[in-house]
Amino acid sequence: MSTHSNPFVQGGWYCASSFTLGPDQSTEPPSIYGALPMTTDSGGNGSSGSSRGATHFQFTNPNPTILNSVVVSGTRELVRVSTDSRLAGYTAFRDAEGRSVALVEWGTAESRPQVQVRNAVMKGSAADWLKVVNDPRFGRPVRRMDVRGANFVWCPNGEALLLFTQTPSSNPLVVATKNRHIVDLEMSEQALTWGLLEPCIVAITLLLSGRRLE
């Protein structure tokens, strides 16, 4: 697939430029609660359990990219993302106890990346898991994500990437924004209850990896 038809390449998620796809060009990232703007911490420490019920996570310490980074909540490490230079075809996700959370097999130029997420996503094509579709309800191309048989939609909006259920009229379940070298992830209570944290960590890593999925 060409980069011209990939909504997240156009939006600047593979580089340092601002999101340009979509009508909302606000520099303030939207909140999962609508009018309440999401606060970002330039110091690099996430915060959890906001008064409005959202939980904040951050991808920190990119070395040099999100493919080697650490996901934290406050000062607590949750998931370590590692791409071994000696095994460049794999990106591993492990929790704080060293247990496998997910694995991406990047494959070769002739094969598409494969992804699997523990207890959430069976091994399969990353391009199929995060499939680009033209959804008239959103008025733009989006990426559809399946978790345990339930469908969700990643949609770009201004400076953010939002996760919805199947309808854009509802508040987003998840908001991801870039804050310099840190990626902020705001998860609603419902998203956490549905077990979307680990799938979202993997999805954001894939979308910000700078590598082609298709």
(Q) I'd like to know if Asp128 and Arg112 make a salt bridge, using a cut-off of under 4.0 Å between side-chain N and carboxylate O. (A)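 Arg112 and Asp128: salt-bridged.
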For [X] and [Y], which heavy atoms make the closest approach, and how far apart are they?
{"X": "Leu185", "Y": "Ala176", "value": "CD1-CB, 3.9 Å"}
{"X": "Ala160", "Y": "Thr177", "value": "CB-CG2, 3.6 Å"}
{"X": "Pro199", "Y": "Ala120", "value": "CG-CB, 3.8 Å"}
{"X": "Arg211", "Y": "Leu67", "value": "NE-CD1, 3.5 Å"}
{"X": "Val101", "Y": "Arg94", "value": "CG2-C, 4.0 Å"}

Donor-acceptor check, side chain of [X] to backbone of [Y], threshold 3.5 angstrom: yes or no?
{"X": "Asp146", "Y": "Trp129", "value": "no"}
{"X": "Arg143", "Y": "Trp154", "value": "no"}
{"X": "Ser188", "Y": "Ala191", "value": "yes"}
{"X": "Ser69", "Y": "Phe59", "value": "no"}

Q | hydrophobic_cluster_shared for Val133 and Phe138, side chain cutoff 4.5 Å | A | yes
Q | Atom CZ of Arg148 with >12 non-hydrogen neighbours under 6.0 angstrom | A | yes
With side chains defined as the heavy atoms from C-beta onward, is the minimum distance between [X] and [Y] less than 4.5 Å?
{"X": "Asn151", "Y": "Val153", "result": "no"}
{"X": "Val117", "Y": "Phe93", "result": "no"}
{"X": "His56", "Y": "Ser73", "result": "no"}
{"X": "Val121", "Y": "Gln116", "result": "no"}

Rounded at 0.5 Å granularity, tell me how far [atom1] in [X] sits from [atom2] in [Y].
{"X": "Thr55", "Y": "Glu186", "atom1": "OG1", "atom2": "CD", "answer": "9.0 Å"}
{"X": "Phe152", "Y": "Leu173", "atom1": "CZ", "atom2": "CG", "answer": "6.5 Å"}
{"X": "Met145", "Y": "Cys200", "atom1": "CE", "atom2": "SG", "answer": "4.5 Å"}
{"X": "Asn61", "Y": "Ile66", "atom1": "CG", "atom2": "CD1", "answer": "12.0 Å"}
{"X": "Leu208", "Y": "Thr65", "atom1": "CG", "atom2": "OG1", "answer": "9.5 Å"}
{"X": "Glu77", "Y": "Asp95", "atom1": "CD", "atom2": "CG", "answer": "9.5 Å"}

(Q) Here's a test for you: under side-chain contact (heavy atoms from CB on, under 4.5 Å), which of Thr91, Leu103, Val115 qualifies with Val202? (A) Val115
Q.
If you apply the rule side-chain contact (heavy atoms from CB on, under 4.5 Å), what do you find for Ile204 with Phe57, and how did you get there?
A. CA-CA 12 Å; Ile204 292 298; Phe57 305 90; over 6 Å; no
Q. Thr205 and Val104: side-chain contact (heavy atoms from CB on, under 4.5 Å), yes or no, with the steps?
A. CA-CA 10 Å; Thr205 301; Val104 174; over 6 Å; no
Q: Using the test salt bridge (Lys or Arg N to Asp or Glu O under 4.0 Å), find all partners of Arg137 that sit at least two apart in sequence or belong to another chain.
A: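 Expected list: Asp135.
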